[in-house]
Structure formats: structure tokens, C-alpha cells
Amino acid sequence: MPLQFNQYSVNPNGKLTAVLSTVRKKAGAFKLNNIFVSAAQKNEKILPVHCVAQSDLDAMPSEAKIWADLNGFDGAVGNVLLVPAENGQSISMVLLGVGDATDPFVTGALAKKLPNTPFTFASLAGLDLRLAAIGFGLGSYRFDVYKKSSQRVPQLVLGDTLDRDEILRHVESSWLARDLINTPAEDMGPDEIDAASRKLAKSYKASIKIIKGDALLSSNLPMIHAVGRAATIAPRLIDFTWGDKKAPKLTLVGKGVTFDTGGLDIKPASSMRNMKKDMGGAANILALARIIMDAKLNVRLRVLIPAVENAIAGNAFRPGDILRSRKGLTVEIGHTDAEGRLVLGDALTLASEEKPDLIIDMATLTGAARVALGPELPPYYTNDEVLATAVNEAAVSERDPLWRMPLWQNYNQALASTVADLNNVTTDGFAGSITAGLFLQRFVDPAVSWAHFDIFGWNPSAKPHSPVGGEAQGIRAIFASLQKRYA
């Protein structure tokens, strides 16, 4: 069906997301580059920060103990105490409570509570220095595109033992994912996902092509077209490649549903409120791709992002429709709100056709994943035991939580249809995240290694290193596992 565009499709905000480059450039914003420094300016005092665990309060510097007692400092997580110098005119040191000293990202609290001055870690209570530096960078994030912030952050003076480029790589990529997710759908539609992908590809000299609108039909990507055809902004598949053509082929696929009304099976208002984040898979894939390219990992990288809006109009796909897929499988639409798996199905089929060494997809796919594991622990599914071992180890070492779930084949029968090869949903309501993974597996070549990450992409409550809002999940752990695989 040809796309029908509403004449009132101009964004009155003037495409504010031109600011969402891989390095922020909007006027007045502090540069991420400036929060990590190799040395303080001449004659500028460097504040020593002592991390203090609750079980080891006696380890505080002796000159700080009396002040800590007077102020009730007990080493609780995120508690920051500025200790004055003897003359009372300056700060001599800073105490940071780290609780049980198991979370290095508690250092993000320093970004909000320290004065605008350089500091260094004088003691870490056993925390990992590299992760503590990343935690500070993550805690320094501000989303101030629409509401300006005058708050300035301190500068962490990195010692010779840390790789500044590596720290920046991880922090800046997480900032990119957060920016993309936090931007409302009015300013982050398929056009803007397209623009952000082009900008990233250009930054790393990657080649990019876009299949847009009715060209999706002639390119045999019918499910991507069906999901996005009711929107005023044309659906598309973003496809970019980078790296040595002779290197192992790694393909990343990200769900880019820029807003999900639920389609004709419309969501209730409470469920629709945060659907700007339904492109969180695409945002995280772009962030992961950035890490890979910036680190010059020895792979031929391909990134596929189906970018669509699941909107409502007279030409929207309907419950009971039967869609043909690139794979050749027919899919009965049991529910139009299970659209992410449809666009991923075509993209995964395309990814499989060149027989890459590994396919990784990321998607904000199911509410069932949140019911099972909550917002902080994304489940993942894979047919590759070696990769699973590496991901599990990296999730622990990187403090980037992930939990492997089973592709329980007996549940495939719940996706059966009497009129098509399969249904896009089950009718019994059980094992929703697992059956979504099984649906996707039908579109992946069984001979290709594959992993699916069902992320939330959102922080519902603030933590020292992460404000409420969009979040990068799993990308540091995935990258660490890829480093091991392609070393």
C-alpha cells in the first residue's frame, strides 16, 4: 500500500534534535570533554576525595573524623561531606560515602555535590578506579535541551594509570543513548534517527544507505513498511557499514520505533506516556556501534535500524491482518502493539543473509521482561554458549547487569496460527519475553550466532550515576565480550 502523508507533518519545534550529535555542540553546554582532565591548571588546587565504606569509618583521615562526627557522616551511599581546612577559608578534602563498597558508580554523586573544581581520588575503599571514573562521568549527565541548567560540574583529574580516551568512549556513548531516548517523539522521529545515524557514520567514515517509504516494498522489507505506513513521517531501514571487509562480520540490529501508540489496539494513556523511549534499542545500538568504531575493534561492522512510528490512521495495519515477511513466513497480527518484533523480523532476516559471524539485536520489546526482572536487569537470549559465557563474565566485571534467559522451544507452539505460519503474540499471556525471543529466532538463520537483548532503556528512579530518564543498558558488557571474541 502506498504511503499516505498528512499535509500537517511539519514539526513546529524546528527540529531541535540537530543538537544530538556524538559530541554536544549547543551553545552554553559544558563539554563532556572538559570533565576529565589529565592535570589541573597551574596554581589550581586539586581536592582529594576519600571514599569511605560504612564498615570502615575508622579509615577516614584523622583530621576529618571530628568534622564527620559533628555532621553525622556515616558512610551511607552517596553521602558527600566537604571538610574545611584549618583556616576555615577553603576545603581540605572530601568524604564520599560508598556504603558496602560494592558499587563503583556511587562516584556519580560527586558530580552533583562537589564545587566546580578539580578533584582526584585519594582513596577508593576497594572500588575499581576505572569504573569509579566512568561512574563520575555518567553522574555528570544533564539533559538540558528544553530546560537550561546552570549547574557546573567538577573535573576529575585522571592519573597515568587510566586511559582517558577509553573512559570518554564509554561515557560519551552512554550520553548519546540517553540524549536520543530522552528527546520527545516530536523531535525524535524516523527523520532524526536517520540524521543521528548519518552523523555517527560520517564521524567514523562509515558508508550508509537508507531504504525509505515505498522503497521498503520494492526492497522486500514488507513488515517494516506495514508497521510504519500510517505515520506522517516515512518508515525506513538505516543500514551502515564500517571496518575492514576481510574482518569477522558483526551485525547490530536496533528497534527504532520512535513512538508507539499501540496501533489500532491502542495503548491506554498510562502505558503511552513514556513511549518516546520505544526507540531505546536503536539508541543503544548506535551507542554500542560508536564504542566499537572508536575503539577500532577488528570487525566488519554493520548496523541495521528499522526506524518507524507505530501510528494510527486509515491505512494502519489491523488486528487479524496477515503480513508477509522478507523471510517468506506469513505472520498473523494478533495484536498491533507487538510491532517491534515485526520490524526486527525483516531486519534480522536481512542481517542473516550475508552469514555474519554474529548478530546482536537490542530492543525495548516486552513489558514481560520488566515483570520478570525489573527495570535494572535486562534479560538476553542467545544460541551461542561461548558468547553467553563471555557476556555473563563481562556483566559482572563491568558492573553492567544482564541476565541470560532460555529460548524454551516448547513455547513455540504458543505462537501458532490457524491461518498463517505464526502469530505475532500468544493468547495465554505466559512467558511474554521468552516467546518474543522465540518469534525473533524464527527470522535468524540457525547457522548464525545471535543474541537478543530485551532492554528497558529507562531509569524510573534516580541513582548517583543516573538521573530519571533514558539509559544505556548492557553496552559496556556487550563490548567487553566482543573485545574478548575479536581480540
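Throughout, residue positions are numbered sequentially from 1 according to the sequence presented. The shown structure was predicted, so the numbers you read here are calculated from the model rather than taken from an experiment.
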Could you pull out every donor-acceptor pair under 3.5 Å between side chains of residues 263-270 and any protein atom, sequence neighbours left out?
from	atom 1	to	atom 2	distance (Å)
D265	OD2	T336	N	2.9
K267	NZ	D337	OD1	3.1
K267	NZ	D337	OD2	2.9

Check your understanding: Which atom names give the shortest non-hydrogen contact between L286 and L200, and what distance separates them?
Key -> O-CD2, 3.4 Å

Practice item. Using a strict cut-off of less than 4.0 Å between a Lys/Arg side-chain nitrogen and an Asp/Glu carboxylate oxygen, indicate whether E398 and R130 qualify as a salt bridge. Key: yes

Point to revise | Among V257, V308, I193, the one residue meeting side-chain contact (heavy atoms from CB on, under 4.5 Å) with M279 | key: I193

Exercise for review: Output the distance between atom CG (L348) and atom CZ (R442), rounded to the nearest 0.5 Å.
Suggested key: 13.5 Å

Review point. If you round to the nearest 0.5 Å, how far is CD1 of I181 from CG of N459?
Key: 9.5 Å

Review point. Which atoms form the tightest heavy-atom contact between P464 and V106, and what is the distance?
Key: CB-O, 3.7 Å

Review point. From N424 CG over to E339 CD, what is the distance, rounded to the nearest 0.5 angstrom?
Key: 9.0 Å

Check your understanding: What class does the angle between the rings of Y381 and H452 fall in, given that below 30° is parallel, 30 to 60° is tilted and above 60° is perpendicular?
Key -> parallel

**Study point:** Residue pair Y380, N392: steps toward the side chain to side chain donor-acceptor pair (under 3.5 Å) verdict
**Key:** CA-CA 10 Å; Y380 77 97; N392 290 345; 2.6 Å; yes

Study note, to complete from the structure: Across all chains, not counting sequence neighbours, the ring pair (Phe, Tyr, Trp, His ring centres under 6.0 Å) partners of F479 are H170

Exercise for review: Please round to the nearest 0.5 Å and tell me the distance separating atom CZ of R236 and atom CG of L221.
Suggested key: 13.5 Å

**Study point:** With F105 via ring pair (Phe, Tyr, Trp, His ring centres under 6.0 Å) - residues at least two apart
**Key:** H465

Practice item. Evaluate the side-chain proximity of I322 to I333: yes if any heavy-atom separation is below 4.5 Å, no if none is. Key: no

Check your understanding: Within the side chain of N383, is there an N or O that forms a donor-acceptor pair under 3.5 Å with the backbone of V448?
Key -> yes

**Study point:** side chain to side chain donor-acceptor pair (under 3.5 Å) assessment of T261 paired with N310
**Key:** CA-CA 6 Å; T261 64; N310 188 20; 4.8 Å; no

Review point. Sequence neighbours excluded, which residues qualify as salt bridge (charged side-chain N to carboxylate O under 4.0 Å, His left out) partners of K355?
Key: D445

Practice item. Answer yes or no: does atom OH of Y486 have more than 12 heavy-atom neighbours from other residues, nucleotides or ligands under 6.0 Å? Key: yes

Point to revise | Nearest-0.5 Å distance, CH2 of residue W450 to OG1 of residue T251 | key: 14.5 Å

Check your understanding: Yes or no on salt bridge (Lys or Arg N to Asp or Glu O under 4.0 Å) for E393 and K484, after CA distance, side-chain angles and deciding distance?
Key -> CA-CA 11 Å; E393 291 174 352; K484 182 176 181 179; 3.0 Å; yes

Check your understanding: Would E471 and K463 pass as an ion pair if we require N to O under 4.0 Å?
Key -> no

Review point. Any Lys/Arg nitrogen of R485 or D357 sitting under 4.0 Å from an Asp/Glu carboxylate oxygen of the other?
Key: yes

Review point. So, E385 and R404, do they make that salt bridge, N to O below 4.0 Å?
Key: yes

Review point. Minimum heavy-atom separation for P460 to F456, with atom names?
Key: CD-CE2, 4.3 Å

Point to revise | Any S449 side-chain heavy atom under 4.5 Å of L387 side chain | key: no

Review point. Can you name the closest pair of heavy atoms from V425 and A338 and give their distance?
Key: CG1-CB, 3.4 Å

Exercise for review: Take L344 and L365, measure what side chain to side chain contact (heavy atoms under 4.5 Å, CB included) needs, and give me the verdict at the end.
Suggested key: CA-CA 10 Å; L344 289 173; L365 205 61; 4.1 Å; yes

Exercise for review: Would you check if N220 and D346 make a side-chain contact, meaning some heavy-atom pair closer than 4.5 Å?
Suggested key: no

Check your understanding: Looking at L250 and L482, what are the two nearest heavy atoms and their distance?
Key -> CD2-CD1, 3.8 Å

Check your understanding: Can you list the residues that meet the salt bridge (charged side-chain N to carboxylate O under 4.0 Å, His left out) rule with D128, with sequence neighbours excluded?
Key -> none

Exercise for review: Output yes when E172 and R290 qualify as a salt bridge under the 4.0 Å nitrogen-oxygen rule, no when they do not.
Suggested key: yes

Point to revise | Row check, Y141 ring normal vs R178 NZ/CZ: under 6.0 Å, within 45° | key: yes

Practice item. Identify, with sequence neighbours excluded, every residue that meets ring pair (Phe, Tyr, Trp, His ring centres under 6.0 Å) alongside F240. Key: none

Check your understanding: From I291 CD1 over to S174 OG, what is the distance, rounded to the nearest 0.5 angstrom?
Key -> 6.0 Å

Practice item. Mark yes when over 12 heavy atoms from residues, nucleotides or ligands other than E376 sit less than 6.0 Å from its CD; otherwise mark no. Key: no

Check your understanding: What's the verdict on side chain to side chain contact (heavy atoms under 4.5 Å, CB included) for S197 and I305, showing C-alpha distance, side-chain angles and the deciding distance?
Key -> CA-CA 9 Å; S197 300; I305 295 175; 4.1 Å; yes

Point to revise | Nearest non-hydrogen partners of L301 and A289, listed with the distance | key: CD2-CB, 4.0 Å

Check your understanding: Are D194 and K212 ion-paired here, with the side-chain N under 4.0 Å from a carboxylate O?
Key -> no

Practice item. Walk me through it: do D384 and T382 pass the test side chain to side chain donor-acceptor pair (under 3.5 Å)? Key: CA-CA 5 Å; D384 186 330; T382 184; 5.5 Å; no

